[in-house]
Number of protein chains: 2
Amino acid sequence: MGRKREFDEEKALDAAMQVFWKKGYHATSLTDLTTNMELQRPSIYSAFGDKEKLFEAALRNYTKLHISNIRSKLQYNKSVKDTIRLFFEDLVEEKCQGNQNKGCFCINTMVELAPHDEKFEILTREHQMYLSVIFQEMIQNGIQSGEFHRDLDAKALAQTLVVSLIGITVLMKSRPERSFIDNAIISTLSLLK
Amino acid sequence: MGRKREFDEEKALDAAMQVFWKKGYHATSLTDLTTNMELQRPSIYSAFGDKEKLFEAALRNYTKLHISNIRSKLQYNKSVKDTIRLFFEDLVEEKCQGNQNKGCFCINTMVELAPHDEKFEILTREHQMYLSVIFQEMIQNGIQSGEFHRDLDAKALAQTLVVSLIGITVLMKSRPERSFIDNAIISTLSLLK
DNA sequence: TAAATTTCATACTAATCAGTATGAAATTTC
DNA sequence: GAAATTTCATACTGATTAGTATGAAATTTA
């Protein structure tokens, strides 16, 4: 019964994600959203609730995509260390180029909203923890296979990688010299041995 | 000639700095500013220009204070490594407590404004570069005194410390387990040897 | 003391904000 | 095909936004 929805909810959410990712929560207006989602206001409100609900949905959409993206980039091939190195180098490469310096939506939200809203404090924290677990598993594989020393602290090193990842992602927003980032990557990866 | 200014410009700027530091640029309204600066709108506009000018003045005020703050915390005493360790541990301690998770004003701005305004891209980048130079000088001292290996890359390690500092400062906004941060500090400092 | 000048407080502006009421268009169920 | 139901577009709401015009209060120069 009733009329059929004319818009693709998933596409609309992706568009919302892009806008919030680029501009953040407060700098994004409903007008920005209607323009980019190609939807009228009532459609947005009926499908996603208010601005904050939409933001949360967009962020959850992002973290899900982000995790699967990272998982595929970290597919085990030969050396764990080389895989991680390539991951970091790719990060620098893609963020330097076309990608207009949006950084990581989750990190942006950690800075903008986590201190003011427990919901986002938890959401962003759990995402980072999840990332550290992925790194930890990789490092453990490296230990098992003999690539790394037996007495390496996989958990601690994985958490260090996450801290480094955040630092690099944030610092790149100020477009520092390439070598600044490269040096940080080299030093950090030298911990894996 | 004319009436004397009744307010302390420096105090007003400090108050503005606190508000922008806590809430960021977009989430801070002129009403927030008049309340916290205890000034009427026309007084703010005549003394500092518009909202963006005031923000820039507040940020410059912050970076100046921040540098002198860090310089005093990094006063050389005995071991360079211990001094740096203490610096990072203090950071965790103070940000965990009373300080209501504001993080670093400069880093917050790097995330919120640097990608959208070249003026802030430059300002925040230069601040981070300045910090790395301070670390670099310390590490060079450590090499000179024999505390560190002769072949340590002081510049690269200093830049790594800055990346780590940023990562930790940002991650703490999501209030992760204390050990997460502690592990990152221990690992990163293990590069100084 | 009088004129000149600056600060400050009130009250305002036009624009934009998030969110919604209303009714027409479209589709389904009966 | 008629009634019921849902979506969509237009146009609106009251609140809040950044920024300012105006005049009174206060101080200085002459």
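Keep in mind that what you see is a predicted model, and the values were worked out from it rather than measured. Chain naming here is simple, since letters A, B, ... match the order of the sequence lines and numbering starts at 1 in each. Just so you know, these numbers use all the heavy atoms, side chains as well, and skip hydrogens, waters and symmetry mates.
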### Query
Rounding to a whole Å, what distance do you find between Q40(A):CD and dT20(C):C1'?
14 Å
### Query
Given atom CG of L30(B) and atom C1' of dT20(D), what is their separation to the nearest angstrom?
11 Å
### Task
Would you mind telling me which residue lines up with the more 5' stretch of DNA chain C, D32(A) or L39(B), judged by nearest nucleotide?
L39(B)
#### Entry: N/O donor-acceptor pair, side chain R41(A) with base dA18(C), under 3.5 angstrom
yes
### Message
Over all strands shown, is T28(B) touching base, sugar-phosphate only, or nothing at heavy-atom distances under 4.0 angstrom?
### Response
sugar-phosphate
### Query
Taking the side chain of P42(A) as heavy atoms from C-beta outward, which of dG19(D), dT20(D), dT20(C) is closest to it?
dT20(C)
### Query
Is the shortest distance from a Lys or Arg side-chain nitrogen in E93(A) or R178(A) to a carboxylate oxygen in the other one below 4.0 Å?
yes
### Task
Look at S43(A) and dC8(D) and indicate whether a side-chain polar atom (N or O) is within less than 4.0 Å of OP1 or OP2.
yes
### Query
For the pair made of NZ in K23(B) and P in dT16(D), what is the distance, rounded to whole Å?
13 Å
### Task
May I have the distance from D8(A) (atom CG) to dT7(D) (atom P), rounded to whole angstrom?
15 Å
### Message
Tell me whether the side-chain N/O atoms of T31(A) come closer than 4.0 Å to OP1 or OP2 in dC17(C).
### Response
yes
## Note on the structure
When rounded to whole Å, the CZ to P distance for the pair F20(A) and dA18(C) reads 9 Å
### Message
Rounded to whole Å, please give me the gap between NE2 in H26(A) and P in dT16(D).
### Response
14 Å
### Query
Are any non-hydrogen side-chain atoms of Y25(A) and H26(B) less than 4.5 angstrom apart?
no
### Message
By nearest atom, which of the nucleotides dG19(C), dA18(D), dT10(C) is closest to the Y45(B) side chain?
### Response
dA18(D)
### Query
Linking I/L/V/M/F/W/Y whenever any side-chain heavy atoms sit under 4.5 Å apart, do L161(A) and L191(B) land together?
yes
### Query
Within this structure, what is the CG-to-P distance between L33(B) and dT20(D), rounded to whole angstrom?
15 Å
### Query
In whole angstrom, what separates I44(B)'s CD1 from dA9(C)'s P?
11 Å
### Salt bridge flag under 4.0 Å for residues K64(B) and E10(B)
no
## Note on the structure
Paired with D32(B), the salt bridge (charged side-chain N to carboxylate O under 4.0 Å, His left out) test is passed by just one of R41(B), K22(B), K23(B), namely K23(B)
## Note on the structure
Taking a pair to mean Watson-Crick or G-U wobble geometry with both distances below 3.5 Å, dC30(C) pairs with dG1(D)
